[in-house]
Amino acid sequence: MEITKESNDIIEKQKIVKQRLVERYIEYRKIRNLTQEDLAHIMGIKRPNISRFESGQCNPTLDLLVKMAECMDLEIRIDLVDKREENNNE
């Protein structure tokens, strides 16, 4: 199977979005003075799951992300933006 430039671009965008998301979660966890152990306990999961998420070793489900956000009194917002409209506004 050949990997196209488009496929590589999509993979790169996925990495960037994931990295930004992880950085924000870590930032808010620290702002709330929670350790990975604290957050895991609140969520009812094991600490290594939080560690794998924060180190980028796993791709958590949307359900887990929502639960993690709720446990830190956060709300997840997802925006879909039409690139064509965005490019026309520039």
Side-chain angles (χ1 to χ4, degrees):
M1 183 173 151
E2 181 181 319
I3 298 178
T4 65
K5 181 183 179 322
E6 282 182 355
S7 295
N8 282 335
D9 288 347
I10 291 170
I11 291 168
E12 194 57 37
K13 286 179 185 178
Q14 289 170 333
K15 288 179 185 177
I16 291 167
V17 169
K18 182 179 174 183
Q19 180 182 359
R20 287 180 185 159
L21 182 64
V22 168
E23 288 169 356
R24 296 292 289 172
Y25 269 97
I26 293 170
E27 177 184 344
Y28 278 110
R29 180 177 60 75
K30 290 179 178 181
I31 287 170
R32 283 155 173 72
N33 294 313
L34 295 170
T35 64
Q36 289 181 351
E37 187 70 38
D38 295 335
L39 182 57
H41 178 74
I42 294 167
M43 292 180 65
I45 63 175
K46 296 185 180 191
R47 189 207 53 80
N49 293 320
I50 302 294
S51 178
R52 283 193 291 275
F53 165 69
E54 289 187 3
S55 65
Q57 295 175 13
C58 75
N59 288 318
T61 63
L62 181 57
D63 292 341
L64 185 67
L65 293 173
V66 169
K67 184 176 182 177
M68 191 181 301
E70 283 294 320
C71 288
M72 291 191 288
D73 199 27
L74 299 170
E75 180 179 305
I76 293 179
R77 294 183 185 164
I78 299 173
D79 291 330
L80 294 176
V81 178
D82 188 328
K83 289 191 235 179
R84 296 170 295 188
E85 289 178 18
E86 192 174 71
N87 289 336
N88 288 337
N89 291 334
E90 291 179 355

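Here, residue 1 is the first one in the sequence, and each next residue gets the next number.
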Pair up each side-chain donor or acceptor in residues 10-22 with any protein partner under 3.5 Å, not counting sequence neighbours, and list the distances.
unit_1	atom_1	unit_2	atom_2	d
K18	NZ	G56	O	3.2
K18	NZ	C58	O	3.2
K18	NZ	N59	OD1	2.7
Q19	NE2	E23	OE2	3.2

* Asked: Going from CD1 on I26 to OG on S55, what distance comes out if it is rounded to the nearest 0.5 angstrom?
  -> 8.5 Å
* Asked: Applying the side chain to side chain donor-acceptor pair (under 3.5 Å) test to N49, which of K46, R52, R47 qualifies?
  -> R52
* Quick one: pull up SG in C71 and CE in M43 and give me the separation to the nearest 0.5 Å. => 5.5 Å
* Without hydrogens or angle criteria, can the side chains of Y28 and R24 be said to hold a donor-acceptor pair below 3.5 Å? -> yes
* Treating Ile, Leu, Val, Met, Phe, Trp and Tyr as nodes and any side-chain heavy-atom pair under 4.5 angstrom as an edge, say whether V66 and L80 lie in one connected cluster. => no
* Structure fact -> Interatomic distance, CZ@R29 vs CG@N33, rounded to 0.5 Å, equals 10.5 Å
* Distance from M68 atom CE to I76 atom CD1, nearest 0.5 Å? -> 9.0 Å
* Structure fact -> Between R32 and D73, the two heavy atoms sitting closest are NH2-O, 3.7 Å
* Structure fact -> Output for pair (Y25 OH, L65 CG), nearest 0.5 Å, gives 4.5 Å
* Taking only residues two or more places apart in sequence, or in another chain, which ones meet E6 in a side chain to side chain contact (heavy atoms under 4.5 Å, CB included)? -> T4
* Report the distance from atom NZ of K67 to atom CD1 of I42, rounding to the nearest 0.5 Å. => 11.0 Å
